[in-house]
Amino acid sequence: MIERVDADRCIGCTLCVKVCPVDVLRMALDTSGRSKAVIAYPEECQSCFLCEIYCPTDALYVSPDRSPLHAVWPPSDTAAARGTSLPTALLREGTSGTTAPGHRLAG
Amino acid sequence: MTRHWRQAGTWHGYSLDQAFCDVLIIGGGFAGLLAARAAARQSMRTLVVSKGFAGADGVSAFAGGVVLYLLPEDDREAFQIEHSRLSEGLSHPEAVRRVAEANMQLLGELTDAGAPVERTPEGRPRRRWLPAAGRRYVPRLGFPSTELARFLRQEALRAGARVLDQTIITRLQRTPNGGFWAVGFRRQEGMLVAIRAKAVVLAAGGCSWRGAHMGQHNVLGEGLALGLDAGARFLGMEFCTSYLATCSLFDTHGQDVLAALGGRLRNRVGEDILERHGIEHPAPPHLTAFAMLTELRAGRGPIHFDLRGVPPAAREDWETQFHLVARGLHRTGVDIFEHPVVWLPGFTGSIAGGGGVRTLDLAGTTEVPGLFAAGDAAARLALVGAGSGITFLNVAWALVSGHWAGLAAARHAAGEELSATGVDELLRGLLETTVRPLCEPAPAQTGTLDQLLRHTQMLAVDPERNFFRTPERLQEADAQLDACWERLHSTTVNDWHNLGRWYELRAMMLATRAMFHSALARQETRGWHRRLDYPERDPALEKVWLVAEPTSDPSGERLPDFTVWPVELDEPEAFRATACEEGAA
Ligand SMILES: Cc1cc2nc3c(=O)[nH]c(=O)nc-3n(C[C@H](O)[C@H](O)[C@H](O)COP(=O)(O)OP(=O)(O)OC[C@H]3O[C@@H](n4cnc5c(N)ncnc54)[C@H](O)[C@@H]3O)c2cc1C
Ligand code: SF4
Ligand code: SF4
């Protein structure tokens, strides 16, 4: 997920805002009235690195961690992924310990 | 019309950006950009709108970067034989032949024009042969997807097309005066957009159900929903339940390529899961998904991808090809080649599944005059049948179908007259429905949108409901979908960003409904479609496709049901590429 915009490096060129496919980034004025990129909707980020690639001043940092996957997928637990044990994959809704919103909705 | 192509105005206090063109292309992925290039080369005023930045957008910019590339000297017979086995009776050799041929020509043109593809030291496109995705006979061309997408944007612009980036189309309708109104908005500027076009190419991608892969976050089925709104039908939606493995650390794709290089998926006790299920290498994608999901279901997970057998040279090669993925992986600090890590079954929906807007020929002609569908938005059963996955055919299809649809739309536009324009009755209605969920200022209901996303995802992505299918589970999920739709329609959003999400959810729910109803109708198991109550292929359904048509207005307050009926795929007109063959002459 996108982690930060380094305001000191950002020259306000807007490229990252134009190129982000999912509208994570927007421009905003900082306290001295300069236009800078800001992270507006971080939860949408798909960690695709496009903003980083397009940024001329290397002002953005995207962490490789995924945004959390839905409960029907097994948890993406880095420790587990390193090869230590992972609890049995939790595919069935309800067994994952996460409340599936569906139950509340469907009533 | 001598009108300026773009005009600023207002409507009910909103800024309204109006545009006029001959051919409107919705979507800036490979299909949309090729359509734009083709239409603009026919001297049509061509406009591409894209949700993100056309050419860095959709799944195209993040594709694994391999595309089919047959040449005249190849044994096409061998390719066809293997292909027809894998598509499980539902592709058509004539369609396959034409797409492969046209793809060869297009790739030839594009590489001559300098497209970034893998090349030999002499600069010629370098093909590779890799047994993957169930096939032994596939010559493929590698390319860096982000760069190819950018190059194709330039190609479209060079041909004279114009581009509106960061623009979301929400409503599409044919007008009684000829042509279409496409209405939407620019979320970053909070501005409505209305586009009048003589013909439209729908290339807004498939439905990924916002799966786990890069690029899938912005294709949630609007390509399908817009077609439905305009009056088109769906085809093959029962096959949209596809999966592709992805690494749990970071979205890493390339399952087939890694398997071809020697990677093995292993269960918790270290068994090769394909071997365990008697599936031979190279495994068809839907069988890999089957093995993975079955192992997880049986409690023999997690699944690790053991890549220790991949030779070092092949690893480097892979990293070059999947450079974005490699960038992410390096950052995690884990060497997945040396230390097998957990891989997950990542849902890929219709991106791999083959269902989509029904077209009547290979030129993307839909049942709506002037509307053409291409790429992932269009059903591609004629090419991939029931059993394909994300392979090297998808990009070939996106390029070729985009090109053909662009030509066909240009031809249609040349013969279409538009009368009365301005803000007419129809446009007013479309603008009204577009902003209806928007309520500024209002309490943010983003929590509700999140819940609805997760709920709809759960219904479609949960293998218990939608991979190991039974009528009971499908019906139970289907009933929940009604509740989701109702809740969505009573949800307001407080800004334009979330209005975009609202429309994504709407599209996703429509796609889910069509998928469930098609899945209920196909009483057999074939390719991606697996019915526990009908575990075998039904010979009577060999060469039968299913069409799904909504029984009520999809823009209504009620989620439409779909009537589903069969069509025989031997009708020869289905494999014309008329626009290409006649239009290009
Ligand atoms: C992880 C991954 C790897 C893949 N690897 C390969 C591979 O190696 N080889 C292969 O052949 N295939 C591969 N595929 C499949 C292939 O990438 C796609 O089939 C192909 O790129 C689809 O192109 P498209 O133009 O139809 O759709 P997309 O590229 O998805 O483009 C859709 C466009 O429509 C826009 N859009 C969506 N909604 C709207 C709206 N409402 N208004 C305006 N615009 C809108 C989007 O922003 C986007 O620009 C892969 C897919 C994935 C997900
Ligand atoms: S990584 Fe991709 S999705 Fe995330 S902010 Fe950057 S461009 Fe947007
Ligand atoms: S691309 Fe870089 S410099 Fe330009 S606005 Fe974004 S962060 Fe700032």
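Everything quoted here is computed from the prediction, not taken from an experiment. Within every chain, numbering begins at 1; the chains are lettered A, B, ... in the order of the sequence lines, protein sequences first and strands thereafter.
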Q: Is A:Gln46 reaching over with its side chain to a backbone N or O of B:Gly215, donor-acceptor style, under 3.5 angstrom?
A: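 Side chain of A:Gln46 to backbone of B:Gly215, a donor-acceptor pair under 3.5 Å: yes, one is there.
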
Q: Could you work out, with salt bridge (charged side-chain N to carboxylate O under 4.0 Å, His left out) as the rule, every residue matching B:Arg501, not counting sequence neighbours?
A: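 For B:Arg501, the residues satisfying salt bridge (charged side-chain N to carboxylate O under 4.0 Å, His left out) (neighbours in sequence not counted) are A:Glu44, B:Asp450.
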
Q: When only pairs under 4.5 Å are counted, which of B:Cys247, B:Gly500, B:Ala479 shares the most heavy-atom pairs with chain A?
A: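 Among B:Cys247, B:Gly500, B:Ala479, the one with the most close pairs to chain A is B:Cys247.
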
Q: Among residues 32-39 of chain A, which ones touch chain B with a heavy-atom distance under 4.5 Å?
A: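 Near chain B, by residue number: none.
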
Q: Looking at residues at least two apart in the chain, or sitting in another chain, which of them share a salt bridge (charged side-chain N to carboxylate O under 4.0 Å, His left out) with B:Asp478?
A: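 Salt bridge (charged side-chain N to carboxylate O under 4.0 Å, His left out) check on B:Asp478 returns B:Arg513.
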
Q: Do you know which two heavy atoms are closest between B:Phe62 and A:Cys48, and how far apart they sit?
A: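 That closest heavy-atom pairing would be CE2-CB, 3.4 Å.
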
Q: When heavy-atom pairs shorter than 4.5 Å are enumerated against chain A, which of B:Met214, B:Arg187, B:Gln166, B:Lys51 gives the highest number?
A: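 Heavy-atom pair counts peak at B:Arg187.
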
Q: Give me the atom names and distance for the closest heavy-atom approach of A:Pro21 to B:Asp57.
A: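 That closest heavy-atom pairing would be CB-OD1, 3.7 Å.
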
Q: If every non-hydrogen atom of B:Phe53 is compared with every non-hydrogen atom of A:Lys18, which pair is closest and at what distance?
A: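 Residues B:Phe53 and A:Lys18, closest heavy atoms: CB-O, 3.4 Å.
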
Q: First locate atom NE2 of B:His217, then atom SG of A:Cys20, and finally report the distance between them rounded to the nearest 0.5 Å.
A: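 Going from the NE2 atom of B:His217 to the SG atom of A:Cys20 covers 11.0 Å.
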
Q: Side chain, backbone, both or neither: which part of B:Asp165 has an atom under 4.5 Å from a heavy atom of chain A?
A: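 When you check distances to chain A, no heavy atom of B:Asp165 falls under 4.5 Å.
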
Q: Side chain, backbone, both or neither: which part of B:Glu295 has a non-hydrogen atom closer than 4.5 Å to chain A?
A: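 Neither the backbone nor the side chain of B:Glu295 comes within 4.5 Å of chain A.
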
Q: Is the shortest side-chain N to carboxylate O distance from A:Glu52 to B:Arg331 below 4.0 Å?
A: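 Answer for the salt bridge query: yes.
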
Q: Measure across B:Ala56 and A:Tyr54 and return the closest heavy-atom pair with its distance rounded to 0.1 Å.
A: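 Of all heavy-atom pairs spanning B:Ala56 and A:Tyr54, the closest is CB-OH, 4.2 Å.
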
Q: At a heavy-atom separation under 4.5 Å, does B:Ser50 approach chain A through its side chain, its backbone, both, or neither?
A: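 Nothing of B:Ser50, per the 4.5 Å heavy-atom cut-off to chain A.
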
Q: Parallel, tilted or perpendicular: which describes the rings of B:His497 and A:Tyr41, with under 30° parallel and over 60° perpendicular?
A: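 Geometry flag for A:Tyr41 against B:His497: parallel rings.
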
Q: I'd like to know whether A:Ile53 forms a side chain to side chain contact (heavy atoms under 4.5 Å, CB included) with B:Leu324, so could you lay out the CA-CA distance, the side-chain angles of the two residues, the decisive distance to 0.1 Å, and finally the verdict.
A: CA-CA 10 Å; A:Ile53 292 171; B:Leu324 285 178; 3.3 Å; yes

Q: Show your reasoning for whether side chain to side chain contact (heavy atoms under 4.5 Å, CB included) applies to B:Gln188 and A:Asp23.
A: CA-CA 8 Å; B:Gln188 294 179 338; A:Asp23 193 26; 3.6 Å; yes

Q: Is there any residue in residues 6-15 of chain A with a non-hydrogen atom under 4.5 Å from a non-hydrogen atom of chain B, and which ones are they?
A: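 Residues in range: none.
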
